[in-house]
Amino acid sequence: MLFRTATLADGRRRDVRVSGERIESVGEGLDPQAGERVVDATGKRLLPGMVDAHVHFREPGDSHKETWTTGSRSAAAGGVTTVVDQPNTSPPTTDGAAFDEKDDLAMDSLVDFGLNGGVTADWDPDSLFERSLFALGEVFLADSTGNMGIEEDLFVDALAEADARGVTVTVHAEDATEFNVSAQERDDADAWSAYRTARAEAVAVRQACEVAAERGARIHVAHTSTPQGIDIASEAGMTCEVTPHHMFLSRGDLADLDTFGRMNPPLRREKRRQRVYDRVVNGTVDMIATDHAPHTRAEKDAAIWDAPSGVPGVETALPLLLAEARTGKLSFERVRDLTAANPAEVFDLPRKGRVAEGMDADLVLVDPGTTHEVRGDRLHSKCGWTPFEGFDGVFPELTTVRGTVVYERDPDDAPSGDSETFGDPVGQNVRGRESNGTGSDRESESSADPAGAEESIADIAADIVEESSEEDRS
């Protein structure tokens, strides 16, 4: 396959040839070969597929919410070519047998995948670490879906087990002792955000980073939802991710979302959301990960204290970010780094994350001049709804996984239109394949190092005022 005159994330116009599973050439004036499919990419962006380091595809145990087939189709339609599934399934992925069961189910995936191992009081690290783990976690420092919250001493033990084997630990950081119990007297949709406070995240992130630093270990903080949590992780030399819902939604949206906007950690106030967004732009945040956590409409349509936590997002993340890029709020290079280059680097996937010779041909072709409205009935997740209803997105026209077309639609057709086609399941466990680095002499896109950002005095003062006023209202 030859992409002609594609615009890469850094603005260069190049021809890109795919041979087998890899990118063979990135250059100018490449001539088509006999029998080669030629894709006219003039005026379009050719990007590396997104590496989504945080999804919940619900199998085994909850296939009424999502399956590896439906979840990976949703991923492919959204330009995600690698997903990392979390361990809070049923059974939880806390021993070798549970890992093997999930690994078998994941062979239905259209996209490549990694499988994380989980930590509970009865986990079996010996058998778990014999498997091809992507990472350990998310390790829950407070209960979430699946009730896998653990105490600090078990976290310390898990960190030591993983560090001894060179496995990264990802952390769901909330401190339940900092939850605002008085909010439980309320029954409005905002009560969940009032209950699971911003301070609960900041305290837990600091504690987790300190425990890791004392042992010379590295952790990755999942779904940071506050500027404080982001800054603490960054200053400690740890990595972190932000979800699209914490980037684009705030507590002000709960009047419309109602219990469909309940997630862990919860939505924050608009000023905090904006400061999280600023850190995504300026490089403090390492990556965007979706925390794709589908539940059925019937399950979410319940009282705030009964509805399950989580929202879908694997199909809309890259389109939403590209819509921001087309208006200049983010650069296309920053989108590439947040969604592909950085997660590939953080989690040691040397064949992923860049459009360069020798890399896996995980590619996404988009037309940044064309947007489509996000609609739940057009998406491919089994749950059939989205918290981003009505947003604009730049959706893929074509997605390849290691050179195989797994999603395609006519450019003149809307997503989920009649022209839309999906490929066969070709997903592989990324830890189960040989991974080697690429040479530095090949032409590739540059990836700027993220720059840190400090919390301003004004930000800190605003936090104090906000926390105090929130306690008064609760």
Side-chain angles (χ1 to χ4, degrees), residues 50-57 80-89 92-96 98-100 102-103 106 109 111-120 123-141 144 146 148 150 154-173 205 208-209 211-212 215-224 233 236-243 285-293 314 339-353 427-433 435:
M50 181 171 176
V51 177
D52 187 351
H54 195 141
V55 304
H56 300 266
F57 276 1
V80 176
T81 54
T82 302
V83 296
V84 180
D85 195 65
Q86 305 304 302
N88 55 333
T89 42
T93 317
T94 55
D95 58 37
F99 181 95
D100 293 343
K102 182 179 287 190
D103 197 42
S109 178
V111 302
D112 282 350
F113 59 88
L115 303 178
N116 280 6
V119 180
T120 58
W123 73 311
D124 180 8
D126 290 336
S127 66
L128 191 59
F129 283 112
E130 289 176 353
R131 271 58 178 184
S132 301
L133 285 184
F134 186 86
L136 189 66
E138 54 185 304
V139 175
F140 293 86
L141 302 187
S144 189
M148 292 178 65
I150 63 172
L154 184 52
F155 172 59
V156 172
D157 291 343
L159 189 63
E161 293 273 8
D163 189 51
R165 296 167 173 85
V167 175
T168 298
V169 174
T170 70
V171 179
H172 177 131
V205 172
C209 289
V211 169
R215 289 154 181 80
R218 183 175 68 85
I219 62 170
H220 173 76
V221 184
H223 44 50
T224 44
M238 309 300 171
T239 56
C240 72
E241 68 194 41
V242 163
T243 68
V285 172
D286 297 280
M287 69 188 73
I288 298 296
T290 65
D291 193 10
H292 174 81
V314 73
T339 61
N342 289 356
E345 180 178 359
V346 167
F347 290 107
D348 191 25
L349 300 174
R351 293 284 188 190
K352 305 288 189 186
Q428 295 180 357
N429 188 326
V430 294
R431 295 292 190 230
R433 295 195 299 124
S435 265

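The basis for the numbers below is simple: all heavy atoms, side chains too, and nothing from hydrogens, waters or symmetry mates.
- Take Asp95 and apply the side chain to side chain donor-acceptor pair (under 3.5 Å) test, not counting sequence neighbours, and it matches no residue.
- By the side chain to side chain donor-acceptor pair (under 3.5 Å) test, Ser127 pairs with Asp124, sequence neighbours left out.
- The side chain to side chain donor-acceptor pair (under 3.5 Å) search around Thr290 returns Asp52, not counting sequence neighbours.
- Residues passing the salt bridge (charged side-chain N to carboxylate O under 4.0 Å, His left out) test with Arg218: none are found, sequence neighbours excluded.
- By the side chain to side chain contact (heavy atoms under 4.5 Å, CB included) test, Arg165 pairs with Asp126, Phe129, Glu161, Val167, sequence neighbours left out.
- For Thr243, the side chain to side chain donor-acceptor pair (under 3.5 Å) partners two or more places apart in sequence, or in a different chain, are His245, His246.
- Residues meeting the ring pair (Phe, Tyr, Trp, His ring centres under 6.0 Å) test with His223, sequence neighbours left out: His54, His172.
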>> One pair to check against salt bridge (Lys or Arg N to Asp or Glu O under 4.0 Å): Lys102 and Asp85. What are the steps and the verdict?
In response: CA-CA 9 Å; Lys102 182 179 287 190; Asp85 195 65; 2.8 Å; yes
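- For the side chain to side chain contact (heavy atoms under 4.5 Å, CB included) test, residues two or more places apart in sequence or in another chain that qualify with Ala293 are His56, Arg58, Asp291.
- Phe347 places a side-chain heavy atom less than 4.5 Å from the side chain of His220.
- In terms of the side chain to side chain contact (heavy atoms under 4.5 Å, CB included) criterion, residue partners of Thr81 (sequence neighbours excluded) are, by chain and number, Asp362, Thr399, Val401.
- Of all the heavy atoms in Cys209 and Ala233, the pair that sits closest is SG-CA, 4.0 Å.
- The side chain to side chain contact (heavy atoms under 4.5 Å, CB included) check on Ala106 picks up Trp68, Phe113, with sequence neighbours excluded.
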